[in-house]
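First up is the structure itself, then whatever we jot down about it.
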Amino acid sequence: MGEKFLMKGNEALGEAAIIAGCEAYFGYPITPQNELTAYMSKRMLEEGRVFVQSESELAAVNMVFGAAGAGKRTMTSSSSPGVSLKQEGISYLAGARLPAVIVNVMRGGPGLGNISPAQGDYYQATRGGGNGDYRLIVFAPNSVQEMADDVIDAFYLADKYRMPSMVMADGMLGQMMEPVVFKEPKGNKGLPPKDWALTGAKGRPRNIVRSLMLGGTGLYEHNEVLRKIYAEVEANEIRYEELETADADVTLVAYGSASRACIGAVRHLRAAGKKVGLIRPRLVWPYPYKVLEKQAEKSKKFLVVEMNLGQMLDDVRIGVAGKAPVEFYGYAGGWIPTVKEVVDRVNQMF
Amino acid sequence: MGEKFLMKGNEALGEAAIIAGCEAYFGYPITPQNELTAYMSKRMLEEGRVFVQSESELAAVNMVFGAAGAGKRTMTSSSSPGVSLKQEGISYLAGARLPAVIVNVMRGGPGLGNISPAQGDYYQATRGGGNGDYRLIVFAPNSVQEMADDVIDAFYLADKYRMPSMVMADGMLGQMMEPVVFKEPKGNKGLPPKDWALTGAKGRPRNIVRSLMLGGTGLYEHNEVLRKIYAEVEANEIRYEELETADADVTLVAYGSASRACIGAVRHLRAAGKKVGLIRPRLVWPYPYKVLEKQAEKSKKFLVVEMNLGQMLDDVRIGVAGKAPVEFYGYAGGWIPTVKEVVDRVNQMF
Amino acid sequence: MPKGKVVIDKEKCKGCELCIATCPKKVLGLSEDFNTKGYRYSTPLHPEECIGCGFCAMMCPDVAIEVYRED
Amino acid sequence: MPKGKVVIDKEKCKGCELCIATCPKKVLGLSEDFNTKGYRYSTPLHPEECIGCGFCAMMCPDVAIEVYRED
Amino acid sequence: MKTVYKKPESMTSATTIYCPGCHHGIAHRLVAEVIDELGIADRTIGIAPVGCAALAYDYFNVDFSEAAHGRAPAVATGLKLTQPDKIVFTYQGDGDLASIGAAEILHLANRGFNITTIFINNAIYGMTGGQMAPTSLEGQKTATTPFGRDLKIHGNPMKVSEILTQTAGAAYIARGAVYDPKHVMETKKMVKKAFQNQMDGKGFSMVEILSTCPTNWGLSPLDAVEWLKDNMEPFYPLGVKKDIDQDQ
Amino acid sequence: MKTVYKKPESMTSATTIYCPGCHHGIAHRLVAEVIDELGIADRTIGIAPVGCAALAYDYFNVDFSEAAHGRAPAVATGLKLTQPDKIVFTYQGDGDLASIGAAEILHLANRGFNITTIFINNAIYGMTGGQMAPTSLEGQKTATTPFGRDLKIHGNPMKVSEILTQTAGAAYIARGAVYDPKHVMETKKMVKKAFQNQMDGKGFSMVEILSTCPTNWGLSPLDAVEWLKDNMEPFYPLGVKKDIDQDQ
Amino acid sequence: MEHKIILAGFGGQGIMVMGRLLAYAAMHEGKNVSWIPSYGVEQRGGTANCSVVISDEIIAAPIVAEPAYSIIMNRPSLDKFEPKMAPKGVILVNTSIVDRDVERKDLDVVNLACNDEALELGDIRYANMIALGAFCKKTGIIKLETLKKSLKNVLSARRQNLVEINQKALEKGYQLV
Amino acid sequence: MEHKIILAGFGGQGIMVMGRLLAYAAMHEGKNVSWIPSYGVEQRGGTANCSVVISDEIIAAPIVAEPAYSIIMNRPSLDKFEPKMAPKGVILVNTSIVDRDVERKDLDVVNLACNDEALELGDIRYANMIALGAFCKKTGIIKLETLKKSLKNVLSARRQNLVEINQKALEKGYQLV
Ligand SMILES: Cc1ncc(C[n+]2csc(CCOP(=O)(O)OP(=O)(O)O)c2C)c(N)n1
Ligand SMILES: Cc1ncc(C[n+]2csc(CCOP(=O)(O)OP(=O)(O)O)c2C)c(N)n1
Ligand code: SF4
Ligand code: SF4
Ligand code: SF4
Ligand code: SF4
Ligand code: SF4
Ligand code: SF4
Ligand SMILES: [Mg+2]
Ligand SMILES: [Mg+2]
C-alpha cells in the first residue's frame, strides 16, 4: 500500500494516468474537468511526456488517434458538450481498433446546460454516440479512489482488447477531494505486442492504421471481428458490487455519484428493518445483465436511481426482463440525490 | 393526388423539404447523401430561399441553430460520420427547444467505414449521441415515398413540439429511384406561433434563444419541461405498421431498408403456410413498446432484423419484457438482408 | 473650466478603481465602507473639482457612473 | 542527340495522354486496342525518335513509364 | 445640467457577473452605445459566445442567441441569411473565436457575409479559470502553462486580425483597446464602423479589442492595464488592419 | 543504358483508383521520389486525408495513418510529438484542409510544429462527386454551384497559402503545379525543401499543388491542364510565399 | 411477378440512363419499380451497373443480387455478373465489345453487336438503346411504346432533341431479335 | 458518526484552505472524509463555500445540503446558510465582518471577531485559522494537534514558511472559545 493523498478527483485521474504510463495527453479546457487538464499541463512536462492543449475537443481526440496509432498510451478528457464533439473521433478510434482512454466528467445538459454534476451521457457512453456499431469499456467510479483505480484499469483493458475505454465521472467526483492511494499498475503484463503501431517501417513491412474498408466485404468482416471482441469483453469483464442484495425485497440500481446516496439509503433502511439492497455496476459497458436477471428472481421490485431522466433504466429493464416491476427515480440538470430523498422514495415502494 | 415522379430518395427528401416550406438548408457533402445537397443547391436558389454549403457539418448544424432561432423552417443532412460531428449541435437544438429537421442517410461504420447502406446509427438517433437528456422524433422510412412523406411530417412535428426531428434513412434509400407522389403539407395549421423567435425586438420585449441555464434550479426545471414534452410525444405520436401479426407465431421486427426484405419474407413464408408477421416501427422514437408488449402475449418468438450488430434489439427486449424469446439477425458494414436470407433465418425458428 | 457632476451607483460599483485612476482632477476615491456585494466603492471625494469630462464613465465597466455638466 | 528508350506498362496506363502531349519528339501515341481495364494506352509510335529526356515519365500520374538513355 | 454620460438604452440594468475591472464590461457598453446611436436596437440580433460573455444576453436589450463554443459565426450566418434586413453581430472571446472556432470565423470572413464581429482578446480563457488561449503571450503563465508559455512546446501566439486580413471577404478589420478614454473613443469609432458597414452591405467587419482579465492574470484591475500596455500592445499593434474603403 | 526514370522505391506497385490524368498521381510520385532521395522511407509516417487520396496508404511504401476528414494535422501532431525522430507528413485535399479542417491546419501552422503538409488544391471536392470547394473559382460550375459560383451567395475562393503565411509558426509555404515537366521539377524542389525542413527541425512547411480533377471538371485530362493554366494559376499565383531561410 | 434486372458496362455507355428509362416505363405501366446504381469508389474506371426491379407487389430488395435478366455492355461486366445470374436467366451481351462467349449453359443468351448497330444510326452512343430495344422484345417485360414515350423523362432539357433518334435506336434493337 | 460542515465567506478569505485543512486532519485521524467546493459562475464576486464531511463510514453525500456545523466568514454567507442549518447546529460567525446576529434560536452560536484577532497576529489573512481553531475546540470533531500537523499539506511549497504563524493562529482561536 502506498501513501494516502487527499486529492481532487480530477487530479487523481491525472496522477493515475501518469502512473499508468500515459505518454501523451491532449485536452481542451471545460468545467468541471479543468483541474485534470491543468494537472497534466504540469505533470506531463515534468515527466518529459507529451502534453498539448489542443485547439478544440475535435483536435484533441484526433491527436489521441495519432498518438494511439504510434502505439503510445494516450488519453483525452472533457465534459459533456466537449465529449459530444469527440464522437466522430471516438468512432474512428473504435473502427481503427486503437486503444485510448477518454474521460468524461459529466455536467448538466442538454446543450450548454450548466456545470453541475449529472449523468446525462450514459447513453452516449454505453451505446456509442458516434456512428456505427462500436462499444467503449465504460467505467463508472463513485469515489476519488475508484477514479484513480479505474484510469489504471482503463489503460490496461484498452490495450488488452485494442479498443478505446472511457472513465465516466461527473462534476461532483471531479471537484471533490477524498483520500486516495494509488495502486501499482500491471504495466504491460499479459498484453499483446503493439506490432501494428506506426513507428516507421524499418525492418518490417509497412503498417497502416485505418477504419476505412472500402469495397468487397472488408467492413462486414471487420465488424464481425468487432462483434467477437465485444462478446469477449462481455464474457470476461463484468464488474459490479452488491450490497445487501441476498434477501432484498427492493433492489436499487445505481452507479457513480448517484450510488453514494443509495449506499446511504440502504444503510438507513436496513437499520429501519427494511429489506433493501443495491446493485452497483462498476462497468456500465459491458453491463451485468445476468446479475440483474438473477436478482429479479428474488427481488420484488427494482428502483433505478440516476442523475438524469432515465437512461440506465433501459439496461435494467433488459436485465430484469419483465420479472419484476422497475421504477425510476431521477432528475436532470443538477440534481444530486440525498440519502433522505432516496429513503423517502424507497419507502413509497413498501 | 399529385403527379407521380420517379426520383432518387435523396432528391425526394429535398423536394419534400421544399414543399414543406423549408426556408434554409445547410449542408456539407458526404456520400451517400450528396444528391440531396446538390438538389438543394439548385432548388433553394430557384425558390429564392437560403442554401449554404457550410465549411463542415459542425458549421451546418450551427447555421441551422441560427436559422431555427430566427423562426424559420430549416434542415441539414449528412451521413453517419458527419452526423456524429453534429451531435453537440443537435444537443444544443434540443436544449434550446428549436425545431429543425436533420437527415441521416446512414452508411457503414464505425469510423470512416464505407459508403454502403447500414443502420448503425440507431442508438445515436434514438438515444441522443449528444450530451444530456434529450430526444429527437426519429422517422424510419423504408421507401422513397415514405422519405418524402416523412420529411413533411418531420417539419410539422418539429414545430408542433418545438424540438428537432430526424429522418433516418440509409444509403440504399438515398440512392434508389422509386415512384413518389408528394403530399400536401399541413402548413402551419394547428401549430403554436413562434413568438420566441429572434426577429428583432421591435414592439416587444427582447427574445433569447439558449440552452444555458446557470445557477439555481433553472436547468432542473428546464429538464422537467423536456420530460413533459417527451412524454406527450410518446403519448401522441406512436407510428408503426403491422403485417400479418394477428396469428403470428414468429414476429419479425424491422425498420427502414431491412424491413423490405422482411416484408418479402413474410409474404414468402405465409405462402408456405408459416405463421409469420412483421411489426415495422415508422417512428423509432417514440417507440411502440406497448405494441410489442401486446404482441408478446400472442407471438411465441421474435426476430429483430437490422443492418447492424443489434441496436433496436434493446427496444424490442424492453417492449417484449421477457414474455417471449427475442432473437437477432443482423450484420454491419454493408449487409442488406435478402428475402431468402430472412426466410432461411426464420425457418430456423420453427 | 466647466462645472461637472458625477453620480455613482454604489451598488453597481465593484471597486475596480479604473475611474479613479483616469480622473484628471482626482475627484474620485474608494469608500471606507462596503456595499452589499462586499466591495469598497468609488465615490466623489472632491466633487467640487469635477469638470464633467466623462472620462470616469467611459472607463467604468459596470456602467455605474452618470456624468452631468453645466451647459 | 542522345538515344533514349521508353518502356510503358500498358496495364498501368489509363490513356490520359499527358505523356503524349509532353513528349518533345512526338514519340508517343494512343494504342488502337484496349488494355484489360478498357483503356486505350500510350505506346511509343516512333521509338527511334526518343531522346530519353524523361519528360513523359515525369508527367505520368500512374508511374507507367520507365525511361532509359545511352550513357 | 446637460447629461454627459448615461447608461445606453440598449443595455439592461442587470449587474454583470464580470469581475471588477474586467474590460468585457467596457466592450459591452461600447457596443450598446453604437447600437443606440445607429438606432438599430429593434432590428439587432446579438450572438453570445461560450466564455465569460456567455450571459451577454442578460445585459443587452436586444434579441440574442446563444451559440455553441466557437460556432457564433455559423449561428450568425443562419440568422442573417434568413433575415438580411436584421443587424447580426457576434461577440466572442479569444478561446471561442481563435481556438475552437477558428474554422468558422475564417470561413465567415472569407465568404464575406455581411456580419459584424466583436472579438475580445484577453490572452486567456477567462470563463474556465485562466488557461492558455491561442493569443497568450510567450512566457505567460496560465493554468495550462504553469512554467510559462514555451513556444517550442505550446506553439506561437496567434495574430488573428493579421491572418483575417488575408481573406477576400473581410471588409474591415481593426484592433483597438479600452484601457484609457482615448482608446475607448478610438475603439468605439471602430465598432461603429463595423456596424455601419453591415448596414451598408459592405461585408464582414471585425473589431478586435485587447482586454484585461484581472482575475486570471492575477493582477489588480489597474496593474492589469499596465500589463496589457507593456506586453499585449507591442505584440498586437493597434490600428485598422484592413479597410476596403481605404484600400480602394 | 542508364535509367532515367523508374518507379520510386517508396511507391507500391498498386494501380491507383485515380481517374485518368488526375494530378494526384503525379503529386504522389513526387513525394515518393523525395522520400527516396532523402533516404527516410523507414522512418516516415504519412497521413491520408478523407478525399480521393483516402487510400494513399495503398500506394506508399511507408507507414500510414488514416485521419478523419480535415483532422490530418491533429493526427500528425499525435504521431510526431510522441516520436520526434520520425518524419510525419499530411497529404490533404482542398475540402479536407481548407474547409472542414481549416482550424486544424491553421493551428498546426501557427504552433509551428515540425510537420510537413502536401496540399492538393484542385478547386473541387473530387471524392464526393464534384461539389464546390473553398478554393473553387468565381463562376465555376460544380455539383453544388449549378449556376456557377456566385461570390455574393457562395462567398469568395480562399487563398490558403497566403493566409498561412501570416502564421508565426510556418517556416515554408510554397505553391507549385505539376502540369508540365518544368513545373514538376520546380514543385519537386518545393516538396523536398518541405521535408528537409522537418529533418532540420525548422517548423511547419507546406506545399500547395494546383491540380486537375478532369472527372469533376468535366474535361479531358489535357483540357483540364489548360483550364488550370487559364483559370487557377492567375488566381493562385505560383511561387514560394514564405521561407524563413530567405526572409531572414 | 417480380423481374430482377442488372444493367452493366463502362461508365460512358449510358448504363444509368438505360436503367432509368426502363424504370420510368415500368412506372408508366403502373408497376412497382425501383432503380438503384451501384455507387462507390469502385466506379472509377471500373464497371458501372444498376439494378432495376419491376414488380406487381412491394419490392422487397431493390439491390439485385441474383438477376434473372441482364444487359451486359462490356467484358468486365460479363466476368462479374455471369456467375451471379439466376438459373436460366436471360443475358443480353454486347458482342461489339465483349470478346468472349457466355460460358454458362443454362442461360438464355442474346448476342448483339450493339455498338456496330448504333454506328449505323450515326453514333455508338445509341448502343444502349439498341440493347434495351432488343431486351424489350426478348423479355416482354415492358412495351416498346412505353419505352419510347418515356424517353422524354430521362433525357435532360437540353437533350430533348435526341428523343427521336433514341426512339429509332429502340425500334432498331427491337427489330433485331 | 458523520459530521457535515459548511465553510463559507468571500473569495479571498481562505475558505478553501480552511476546508482542505480540516479534511486533511480528518484523514490523518483515520476518518473517511470528503471536501467539495461549490463551483460555478456564482463564484465571481459572490460567496465561496465548501462542504466537508467527516465520517466513520463511507460518505453518502459529499455535498452538504443541511449542515450540522458551519463557519460563516461574511454576511452573504450567513444569509445563505443560516436557514439551511440542521436543527441545533453549531454556527461560528466572524463578527468582524458579519453585521447582524444569528436569528434562529435553536442554533448553537459562536461569535468571534476573527479578523480583529488575526490582526493582532499581524495580518487579517489568519482570520480563517482563528476561526478553525475555535471551531476545533467548540466541536471536538478534530484534534488541534492534527490540524497543526496537517498545515504543511495544504500550504504550497512557497508558503511553508507560514506554517508556524498559522499554527499560532489555530492555537489562538482554540484558546478563544
Ligand atoms: C465545446 C466546449 N468546449 C469547452 C467549453 C468550456 N469553455 C467555456 S468558456 C471557454 C473559453 C473561454 O475563453 P474565451 O473565449 O477567451 O472567453 P473569455 O472567458 O476569456 O472572455 C471554454 C473552453 C465549452 N463550454 N464547450
Ligand atoms: C466528416 C465527413 N464529412 C464529409 C465526408 C465526405 N467527404 C469525403 S471526401 C470529401 C471531400 C474531398 O474533397 P477534397 O478534400 O478536395 O479532396 P479531393 O477528393 O478533391 O482530392 C468529403 C466532403 C466525410 N467522409 N467525412
Ligand atoms: S467627469 Fe471627469 S472630472 Fe468629473 S469625476 Fe469623472 S473623470 Fe473626474
Ligand atoms: S470604474 Fe465603475 S466599477 Fe470601477 S470603481 Fe469606478 S464606478 Fe466602480
Ligand atoms: S523520354 Fe522524352 S523523348 Fe522519350 S518518349 Fe519520353 S518524353 Fe518523348
Ligand atoms: S501519362 Fe501515363 S497513364 Fe497517361 S497516357 Fe501516358 S502512360 Fe498512360
Ligand atoms: S474571469 Fe477574466 S474575462 Fe472573465 S469576467 Fe473575470 S476578469 Fe473578465
Ligand atoms: S475525382 Fe478528380 S481528384 Fe478524384 S481521382 Fe478523379 S480526377 Fe482525381
Ligand atoms: Mg479570453
Ligand atoms: Mg479537392
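Atom set for the values below is all heavy atoms of this structure, side chains included, hydrogens, waters and symmetry mates excluded.
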Could you walk me through whether F/Val75 and A/Met63 pass the side chain to side chain contact (heavy atoms under 4.5 Å, CB included) check? CA-CA 5 Å; F/Val75 174; A/Met63 287 174 186; over 6 Å; no
So, does A/Asn62 use its side chain to make a donor-acceptor pair with the main chain of F/Ala74 at under 3.5 Å? no
Under 4.5 Å from a heavy atom of chain F, the part of A/Val64 involved: neither
Applying a strict 4.5 Å limit to non-hydrogen atoms, the region of A/Val61 in contact with chain F is neither
As an exercise, state the distance from CD1 of A/Ile208 to CZ of F/Phe60, rounded to the nearest 0.5 Å. 12.0 Å
Just verifying a value: how many Å separate A/Arg206 CZ and F/Phe64 CZ, rounded to the nearest 0.5 Å? 9.0 Å
Closest non-hydrogen atom pair, F/Leu55 against A/Leu212: CD2-CD2, 3.6 Å
Region of F/Ile45 in contact with chain A, defined by heavy-atom distances below 4.5 Å: side chain
Applying a strict 4.5 Å limit to non-hydrogen atoms, the region of A/Arg49 in contact with chain F is neither
Could you look at F/Ala68 and say if it's the side chain, the backbone, both or neither that has a heavy atom under 4.5 Å from chain A? both
Tell me, out of F/Arg111, F/Lys80, F/Arg43, F/Lys86, who's got the most heavy-atom pairs with chain A below 4.5 Å. F/Arg111
What part of F/Ala54 gets closer than 4.5 Å to chain A, counting heavy atoms only: side chain, backbone, both or neither? both
Turns out that what part of A/Ala197 lies under 4.5 Å from chain F's heavy atoms comes down to backbone
Distance in Å, A/Phe65 CZ paired with F/Ile47 CD1, rounded so as to fall on 0.5 Å steps: 10.0 Å
Separation between CZ (A/Arg204) and CG (F/Asp63), nearest 0.5 Å, reads 4.0 Å
Smallest separation among heavy atoms of F/Ser65 and A/Leu198, with atom names: CB-CD1, 3.4 Å
Shortest non-hydrogen contact between F/Glu104 and A/Glu55, atoms and distance: CA-OE2, 3.4 Å
Could you go step by step and tell me if A/Thr199 and F/Gln83 meet the side-chain hydrogen bond (donor to acceptor under 3.5 Å, both in side chains) rule? CA-CA 8 Å; A/Thr199 55; F/Gln83 312 181 96; 5.2 Å; no
More than 12 non-hydrogen atoms from neighbouring residues, nucleotides or ligands closer than 6.0 Å to CD on F/Glu9, yes or no? no
For residues A/Ala67 and F/Thr82, report the shortest heavy-atom separation together with the two atoms involved. CB-CG2, 3.8 Å
Just by distance, no angles: are the side chains of A/Ser211 and F/Glu66 close enough, under 3.5 Å, to form a donor-acceptor pair? yes
Within 6.0 Å of NZ in A/Lys42, more than 12 heavy atoms from elsewhere: no
Flag the one option from F/Asn61, F/Ile40, F/Val50, F/Thr44 with the top tally of heavy-atom pairs under 4.5 Å to chain A. F/Asn61
For F/Val88, is it the side chain, the backbone, both or neither that has a heavy atom under 4.5 Å from a heavy atom of chain A? neither
